[in-house]
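Written out below as structure tokens is the structure these notes cover.
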There are 2 protein chains.
Amino acid sequence: MKIGELSRRTGVPTRLLRYYEEQGLLHPDRTDNGYRDYAESSVQDVQQIRGLLDSGLTTEMIRTILPYLSGPDEILLPAEHLTPRTAALLQGHIDRIQARIDCLARNRDRLSAYLAAVRPEPDAEMVDR
Amino acid sequence: MKIGELSRRTGVPTRLLRYYEEQGLLHPDRTDNGYRDYAESSVQDVQQIRGLLDSGLTTEMIRTILPYLSGPDEILLPAEHLTPRTAALLQGHIDRIQARIDCLARNRDRLSAYLAAVRPEPDAEMVDR
DNA sequence: TCGAACCCTCACATCAGTGTGAAGGCAAGG
DNA sequence: CCTTGCCTTCACACTGATGTGAGGGTTCGA
């Protein structure tokens, strides 16, 4: 699939698809004429990248963890040459992600609590007034 | 408390404390000589802001939700003049935050699963070798 | 064969968040 | 009084993510 189609199917501007490639997040093939040729799975990859970027991860973090995020099923990864160094690095990323989750969840709860406290009138009048 | 102390206690450079004020996130008093005078609660406020920024929220989003995040206890807020418009806006923010959480949790799980799958040797040799 | 709609690279611009330094006022201690 | 260290504003610069446009090649249908 060419870049235009991938852009249409993901809603991500072509500019960004090229940028993600430049950042080492995508690795499309090239056809004879130099056009980028994306695999079908790129659609999911791009959505993955978008979600992580929106969640405050940098392209650098994403680049390092992306190889270990393929699918929920496939585990086609270099299990052997995973140095303790890399493992520790991954664990660090996990921790940072967890910290973000905690922070976001805490604030989501506060916002929800506020909304709930302020308007306890969902859709029908159940108390007299 | 003056800006230097707040900076020391939060680990956030004074430059950023001034920036957050410029963005409407902090509202310190001023002493006679023009120095910023922060309340004790500013320490928590700043940590709150940092967490949200790290989690990918913009200062604009933070500015709009911050008034509704005071403490877990206090609900000193303008409960009355909360227009349905604002409520919907808040709900939108909650939804976006939830989406981020989902995305992060999903990827955290994948990373954890990978690590767990790849090194099932915690600390002792339990199998012969 | 021509034009529309793709694709390419290159490069400058914008925005938010942040670093850094200049130029100067205020406060406290030797 | 003078130094030291805090504070003030102003302003320029950088980075990462993104927008936008110029200049030019490719594909395809009328």
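The figures that follow rest on heavy atoms only: side chains count, while hydrogens, waters and symmetry mates do not. The shown structure was predicted, so the numbers you read here are calculated from the model rather than taken from an experiment. The sequence lines fix the lettering, A, B, ..., with proteins before strands; numbering per chain opens at 1.
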Open item on the list: As a quick check of understanding, evaluate side chain to side chain contact (heavy atoms under 4.5 Å, CB included) for A/L57 and B/L104, giving each step before the final call.
Closed with: CA-CA 10 Å; A/L57 276 65; B/L104 288 172; 3.7 Å; yes

Open item on the list: Are B/L66 and B/Q48 packed together at the side-chain level, in the sense that at least one heavy-atom pair is separated by less than 4.5 angstrom?
Closed with: yes

Open item on the list: As an exercise, state the distance from CD1 of A/I65 to OH of B/Y114, rounded to the nearest 0.5 Å.
Closed with: 12.5 Å

Task: Residues that A/D32 engages under side-chain contact (heavy atoms from CB on, under 4.5 Å), provided they are two or more places apart - done: none

Task: Residues which pass side-chain contact (heavy atoms from CB on, under 4.5 Å) with A/A99, listed by chain and number, not counting sequence neighbours - done: none

Name the atoms and distances for all side-chain donor-acceptor pairs under 3.5 Å in residues 11-25 of chain B, with sequence neighbours left out.
residue : atom : partner : partner atom : Å
B/Y20   : OH   : B/R50   : NH1          : 2.9
B/E21   : OE1  : B/R36   : NE           : 2.5
B/E21   : OE2  : B/R30   : NH2          : 3.3
B/Q23   : OE1  : B/T59   : OG1          : 3.3

Task: Atom of B/T58, atom of B/L53 and distance for their closest heavy-atom approach - done: C-CD2, 4.4 Å

TODO: Could you state whether B/Y35 and B/L6 fall into the same hydrophobic cluster, counting links through intermediate Ile, Leu, Val, Met, Phe, Trp or Tyr residues with side-chain heavy atoms under 4.5 angstrom apart?
DONE: no

Open item on the list: Using five base pairs at each end to define the local axes, how bent is the helix from C/dT1-D/dA30 to C/dG30-D/dC1, to the nearest 10°?
Closed with: 10°

TODO: Just jot down the side chain to side chain donor-acceptor pair (under 3.5 Å) partners of B/R8, sequence neighbours excluded, or say none.
DONE: none

- [ ] Could you list by number each residue of residues 18-40 of chain A showing a heavy-atom separation from DNA chain C of less than 4.0 Å, or answer none if no residue does?
- [x] A/R18, A/R30, A/G34, A/Y35, A/R36

- [ ] For B/Q91, look at atom CD and say whether over 12 heavy atoms of other residues, nucleotides or ligands are found less than 6.0 Å away.
- [x] yes

Open item on the list: For A/T64, give me all partners under side-chain contact (heavy atoms from CB on, under 4.5 Å), at least two apart in sequence or on another chain.
Closed with: A/H93

Task: Rounded distance in Å - CD1 (A/I49) to P (D/dA17) - done: 12 Å

Task: Check: B/S55 side chain, B/G51 main-chain N or O, donor-acceptor pair, under 3.5 Å - done: yes

Open item on the list: Using a 3.5 Å distance criterion without hydrogens, assess whether the side chain of A/S42 forms a donor-acceptor pair with backbone atoms of A/D45.
Closed with: no

TODO: Please list residues of residues 50-65 of chain A whose heavy atoms come under 4.0 Å from any atom in DNA chain D, ordered by number; otherwise none.
DONE: A/R50, A/L53, A/T58, A/T59

TODO: In whole angstrom, give the distance that lies between atom CG of A/L17 and atom C1' of D/dG19.
DONE: 14 Å

Task: Qualifying salt bridge (Lys or Arg N to Asp or Glu O under 4.0 Å) pairs, either residue in residues 95-109 of chain B, two or more places apart - done: none

Task: Residues in side-chain contact (heavy atoms from CB on, under 4.5 Å) contact with B/A87, at least two apart in sequence or another chain - done: A/L115, A/R119, B/L82

List, with names and distances, any nitrogen or oxygen atoms from the protein found under 3.5 Å away from nitrogen or oxygen atoms belonging to nucleotides 1-4 of chain C.
none

Distances under 3.5 Å only, N/O to N/O: pair up the protein atoms with those of nucleotides 12-15 of chain D.
none

